[in-house]
Amino acid sequence: MKLTGAQALIKSLETQGVEVMFGLPGGAILPVYDPLLDSSIRHILVRHEQGAGHMAEGYAQVSGKPGVAMVTSGPGATNIVTPLANAYMDSTPLVVISGQVASTSIGTDAFQECDITGITMGITKHNWLITDVNDIPQVIAEAFHVATSGRPGPVLVDFPKDIANALMEWHEPGEIILPGFNPITEPNPESIRQATELILSSKRPVLYVGGGVLKSRASEALSILVEQSGIPVVTTLMARGAFPDSHPLALGMPGMHGNYTAVTALQKADLLISLGARFDDRVTGKVSAFAPNAKVIHADIDPAEIGKVRTPDVSLIGECRRSIEELTRSLTERAATKAPGETPLLPLQISDWIKEIRAWQDEFPLNYDKEATDTVKPQFVIESLSKAADDGTILVAGVGQHQMWASQYWKFDHPYTWVNSGGLGTMGFAVPAAIGAKVGRPDKTVWAVDGDGCFQMTAQEIVTATAERIPVKIAILNNAYLGMVRQWQHMFYDERYSEVYLSPDLPNYVGWAEAMGAVGFRVDTPEDVGPTIDKANEIDDRPVVIDFRTDVTEKVFPMVAAGASNDDIMVGPFGRKGESK
Amino acid sequence: MTSAKHHIVTALVENKAGVLARVAGLFARRGYNIFSLAVAPTHDPKLSRITIVVDVDSAPLDQIVHQLDKLINVVEIRELGPSDSLERELLLATIAVDSQVRSEVIQIVAALGGAVLDVGVQCLTVELAGTPESLDTLEELLRSYEIVAIQRTGRVALPKLRSTGSQIDNLRIA
Ligand SMILES: Cc1ncc(C[n+]2csc(CCOP(=O)(O)OP(=O)(O)O)c2C)c(N)n1
Ligand SMILES: [Mg+2]
């Protein structure tokens, strides 16, 4: 069967099981958009290529399938650079197809030529420039394999126009042979044994759970490990939902804006069992002062993470789920060998440690001024959204104060219900990522919590959502400021506010939402918060935007200042239980 | 000049377009200067060997080696300790000479085991293949004369047979 390169590309994507892709056409990729008309693949036409990338990320994060986006050469390709960098930081599997000028014109500064493989070298796991039409089936198979195997991540395939128009004899891809790509999946048994001994001899252990637990679909395995061992759990920003917040051993989020107990439990631990986490600076604070008395077990699929920031006592290189399962098996086996009359080894005899943790939880709960009647507290909005949400609702966040409040105050009880931009901190992520998430899980309600600043970066994708009938819900925490930057200027620059004011009324958010085919609401008082959320939850045939006018002066607490030790955590004016204004 | 902080990284990479850019780019992104770099195809035309000398402490180097290993086109990579490896390098130099200096230069080069490649009325081109240290010595000595041009290839290296227990399979990789 003779196919054009363009047809072969679409057929290759179908062969990979692609059901949806996000994109926007242009000159160099035009040939591929023609056979797309005859394909089973649903294409979602975005309004800006950055939207396509973030949609593909949202889709991938909730569905577990790789996200696919397609753009034209030059500006189309450069517009998707930010999502590639974002996906690289957060290990999200993406396959981006970029059009390229004809291979005969490459290097001549042709119209809309740009060296996108060069540009994206440092922000993709790998990229390919297709130079032979016959390579298409194999390269696409390799691209999906690389994006989804080992530590997941984004890849890019650059596709010259003349290759799209050339003819080839269709053939299925062959076996994938990449001699330089052999991710280790099974942890070393001797290391498991050593880790087991460290765990059994620890008095103050903490499971430090990162996004890798979600990537390796290990939430269930983790629950079993926690039940058997009785070890408390912190979930990083990338791992919210990997372990249910409602569990008594869930301590919540550590880090710069983590709660006091999660931060302090890591600080005072004698053993950190790091599962798919990477000792990010936003978690460790000043590295030399981080968990100073803890031994470390570091489980990760990426050998380059081991020892990058903190030298572990035992490393478990392999798929996180396998390491967790093997630890559980080894612990239970070891526990079964105890002599009669000996204290049981499992669950660990760490009640003093748990008591200490309970005391911190009691004294330093997450807190804010719940009595406020004159202004809408952003934390109250998140709590109200969370309470009104159906079980399993997906929450997506932008970047800034609202993101931190969302991760602090939403109750996460299921994996893959939290989508955010962790590593890169990309403003503008929320609206398109929410749309992608809703496409990936149409059966679930998807709420985005966005900042007024973030919203203005990618709001136009609400047009895409309306046109494609993707009913996402967006809560703007409108504090009229680039709030997180304002907070830093307040705390560290003598309240000298430089270029952070946005105005609450410009743009008119309700009017803008309606212009894009969404329903728009505005909330000015605490009493209106609940009823408006209820109204929004009833709408299921179009996007909804709520403009919550929130307290400008509210700060995110607790906070560990950048570069400070986690011991110097600031709990804020409302941090201590029973303390009032 | 060779320094104590120098480390040798040797990698087998797929012989494909852009591979060198990926490898070099990784060093650049981490802010490390490549001291020297040599690359050429191996007996297997699908593979090339790259020998890189970097000036860096060993802890960050481990990190770089791990990051390089993650590149899809890098098939094998390892760090070679100077005492565990055989290192060679080639130097070409053109020196301005008058009739008196000419014989001095020829003597120095001969004493170090080098050779004269080309002789002109005002210039002399010499070569020395040897350990990086012997090249350093020659370079040092040539500095007393007028150096017109000098080019070193950057070192190439293979593990010493002893360091791998002479296991042929251990030598084959990286
Ligand atoms: C693309 C991008 N530009 C700049 C920043 C720096 N930055 C981080 S948070 C923030 C403010 C976000 O403002 P808003 O969306 O209103 O959220 P708020 O903090 O007020 O909740 C800025 C400018 C960023 N993270 N991303
Ligand atoms: Mg704001």
Side-chain angles (χ1 to χ4, degrees), chain A residues 85 88 91 103 106-107 115-132 135 139 142-147 149-158 176-184 278-279 287 298 300-312 315 317, chain B residues 7 9-32 34 37 39 41-52 54 56-79 169-170 172-174:
Chain A
Y88 192 61
S91 305
S103 50
I106 289 178
D115 172 21
I116 196 64
T117 50
I119 288 173
T120 59
M121 220 169 243
I123 50 169
T124 52
K125 276 182 86 176
H126 194 62
N127 56 30
W128 291 259
L129 169 67
I130 298 196
T131 51
D132 181 341
D135 291 348
V139 168
E142 286 177 7
F144 278 81
H145 177 72
V146 170
S149 310
R151 179 178 184 169
V155 300
L156 175 134
V157 179
D158 205 18
I176 293 173
I177 302 168
L178 296 169
F181 182 63
N182 304 296
I184 300 164
R278 57 181 178 88
F279 296 81
V287 174
H298 193 170
D300 206 289
I301 189 143
D302 181 356
E305 288 302 340
I306 308 294
K308 183 179 83 177
V309 176
R310 170 88 172 235
T311 308
S315 62
I317 299 172
Chain B
H7 286 74
V9 175
T10 175
L12 271 186
V13 302
E14 290 184 87
N15 190 1
K16 287 185 176 169
V19 174
L20 191 57
R22 289 177 201 278
V23 170
L26 229 157
F27 282 92
R29 281 200 290 287
R30 306 267 156 169
Y32 298 133
I34 294 178
L37 179 143
V39 52
T42 66
H43 60 292
D44 179 345
K46 291 201 289 294
L47 299 176
S48 290
R49 182 180 297 281
I50 303 185
T51 307
I52 304 163
V54 262
V56 60
D57 290 327
S58 42
L61 184 68
D62 274 0
Q63 178 53 209
I64 274 220
V65 169
H66 277 125
Q67 294 292 350
L68 286 168
D69 202 8
K70 281 165 61 169
L71 295 177
I72 308 293
N73 299 130
V74 172
V75 178
E76 288 286 347
I77 183 158
R78 86 149 93 145
E79 205 194 317
D169 280 345
N170 286 350
R172 271 204 185 106
I173 55 165

Under 4.5 Å to a heavy atom of chain B? For Asn182(A) that would be neither
Between Arg22(B) and chain A, which part of the residue has a heavy atom less than 4.5 Å away: side chain, backbone, both or neither?
both
Toward chain A, the part of Leu26(B) with a non-hydrogen atom under 4.5 Å:
neither
Which heavy atom of Ala304(A) sits nearest to which heavy atom of Gln67(B), and what is that distance?
CB-NE2, 3.7 Å
Highest number of heavy-atom pairs under 4.5 Å with chain B: which of Thr311(A), Asn127(A), Thr131(A)?
Asn127(A)
Applying a strict 4.5 Å limit to non-hydrogen atoms, the region of Asp62(B) in contact with chain A is neither
Inter-residue atom distance Leu178(A).CG - Glu14(B).CD, 0.5 Å rounding:
7.0 Å
Considering only heavy atoms and a distance below 4.5 Å, find which of Glu142(A), His126(A), Met121(A) pairs most often with chain B.
His126(A)
To the nearest 0.5 Å, what is the distance between NZ (Lys70(B)) and CZ (Arg151(A))?
5.0 Å
Ignoring hydrogens, what is the shortest heavy-atom contact between Lys125(A) and Ile72(B)? Give both atom names and the distance.
O-CG1, 3.9 Å
